[in-house]
There are 2 protein chains.
Amino acid sequence: MTQLEAQDPARLGKREKTKAANQQAILDAARKVFAELGYGATTVRDIIRGTGLASGTFYNYFKSKEEVFQALMDESALRVRPALIQERLKATTFEEFLRGMFLVFFSYVVDDNRAYTMMRANSGQIRVRMDTPEVIAGFDELRVDIDDGIERGVVPNVDPEYLTAALIGIAFEMADRMVQRDDPDPIAAADFATALVVGGIDLVPHKK
Amino acid sequence: MTQLEAQDPARLGKREKTKAANQQAILDAARKVFAELGYGATTVRDIIRGTGLASGTFYNYFKSKEEVFQALMDESALRVRPALIQERLKATTFEEFLRGMFLVFFSYVVDDNRAYTMMRANSGQIRVRMDTPEVIAGFDELRVDIDDGIERGVVPNVDPEYLTAALIGIAFEMADRMVQRDDPDPIAAADFATALVVGGIDLVPHKK
DNA sequence: AATAAAATTGACGCATCGTCACCTTTCTCT
DNA sequence: AGAGAAAGGTGACGATGCGTCAATTTTATT
């Protein structure tokens, strides 16, 4: 009754191989079903149905529906994080620092629209936050780097916690707005956000 | 089996009187139980138990658990909104406008800590957003007023949607941080937020 | 007082959850 | 290779919570 074909050539025991495959299958099914039905409406059984596994098996991999969702968020976070780190390291001024971070984040949101939209769709009804320790790890590193940047003189000497909070707030709320637009423009969004913080918003007049 | 004593002296039919009383009783019980158990863990029965009413009665007043929660949020929003409007109207510069709004919001968050904390506690696990049409009405008016302000020259001519989004993001994320601090200071928070937007963050150096 | 209207009640049927005893597959060791 | 052990998969089951609804009680109307 198992429809799973193993194709991974890596040297792993069959056990590890199917475990990994199952885990991924559940995640894939979950992403799909969440997108179709929304978080609230999908049941654990809906998810497992898409994998050919038995209902009980789900619980060998995840504790609950919420945990799968969280795992999906983590997957997304993992995909942005390297780029964020990259940007952070190559910035030499605060403005570069900000523009790089915002651009990476907004671009990701537009690119991986599926993942982000899925998350957003679920946001409406009932929501697992994106700023849990796991998901926000990139931004937590951000706070550390802001501390660092202050020492190095790259970042102004302001309350790092508030600064981080404000940046996160700007990023997420603007992203929400952006994806609702007809033609989302990450560069424009990043410019706006950057100007708002470093220069005052006068810098980016809105063309009507 | 009804433990409710009517004490409202207003001239209302007994029907209206108990209806209003029941509605409020459910809301009060809900706030308490949500705070104790968290949104996810409380059941509709947990809520109704605190009122002496029967389980079916709950559904005469609210459609679901989520709806009560939303109603509680609306109650809170209703409490801030007049002050927000007040601030908005009396501002003559953008800076005043911002500082007023931020201060009202942060002060409310600190004052009505119970309501806000309840909300926050639930935020973690699973969350009903604060930016639904109802809750955010104050901020929706904000967007309208920003449009207005642009016309009047009080608010800089920038993309109003992004500006609103950014302000909301700053407000909520900073509020989250603020309430976690030992000695939350709404004035300092409002100063920070205002400086961040109007003047660039250099204006408020952080004392270490 | 009789009748109508409205609201309350709690038992019921339904759905989902998470568990667990049993079974199948994979691993290990000689 | 084969036997025993360990890991993992299975699906039926008990438990829990939901929302409904026919019956009942309470309030309004005439």
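Naming convention: chains lettered A, B, ... in sequence-line order (proteins, then strands); numbering from 1 in each chain. These numbers come from a predicted model, not from an experiment.
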Query raised in the report: Which pairs count as salt bridge (charged side-chain N to carboxylate O under 4.0 Å, His left out) when at least one residue sits in residues 49-63 of chain B, sequence neighbours excluded?
Result: D46(B)-R49(B), K63(B)-E67(B)
Report summary line: Rounded to whole Å, CD1 of I48(B) lies from P of dG19(D) at a distance of 13 Å
**Report entry** Atom-to-atom span, CG of L53(A) to P of dG11(D) - whole angstrom
**Finding:** 10 Å
Requested in this report: Report the distance from atom CZ of R49(B) to atom C1' of dG10(C), rounded to the nearest whole Å.
Outcome: 14 Å
Report summary line: Residues of residues 54-62 of chain B with a heavy atom under 4.0 Å from any atom of DNA chain C, listed by number, are A54(B), S55(B), G56(B), T57(B), N60(B), Y61(B)
**Report entry** Which residues share a side-chain contact (heavy atoms from CB on, under 4.5 Å) with E96(A), sequence neighbours left out
**Finding:** A91(A), T92(A), T93(A)
Query - Pairwise distance CD1(I26(A)) to CD1(I47(A)) - rounded to 0.5 angstrom - result: 8.5 Å
**Report entry** Spacing between N22(B) atom CG and dT26(D) atom C1', to the nearest angstrom
**Finding:** 12 Å
Query raised in the report: Expressed in angstrom and rounded to an integer, what is the separation of Q23(A) atom CD from dG8(D) atom P?
Result: 12 Å
Report task. Could I get the full list of side-chain contact (heavy atoms from CB on, under 4.5 Å) partners for A190(B), not counting sequence neighbours? Result -> F102(B), L103(B), F106(B)
Can you give me the N/O atom pairs linking the protein to nucleotides 13-17 of chain D at distances under 3.5 Å, or say none if there are none?
none

Report task. Taking all non-hydrogen atoms of both residues into account, name the closest pair between I170(A) and A166(B) and its distance. Result -> CG1-O, 4.1 Å
Report task. Respond yes when some side-chain nitrogen or oxygen of K19(A) is under 4.0 Å from OP1 or OP2 of dG8(D), and no when none is. Result -> yes
Query raised in the report: How would you list, by chain and number, every residue that makes a side-chain contact (heavy atoms from CB on, under 4.5 Å) with V80(B), sequence neighbours excluded?
Result: L84(B), V104(B), Y108(B)
**Report entry** Taking every non-hydrogen atom, the tightest pair across F94(B) and V198(B)
**Finding:** CD2-CG1, 3.7 Å
Query - Contacts of Q24(A) that satisfy side-chain contact (heavy atoms from CB on, under 4.5 Å) - sequence neighbours left out - result: L27(A), D28(A), E75(A)
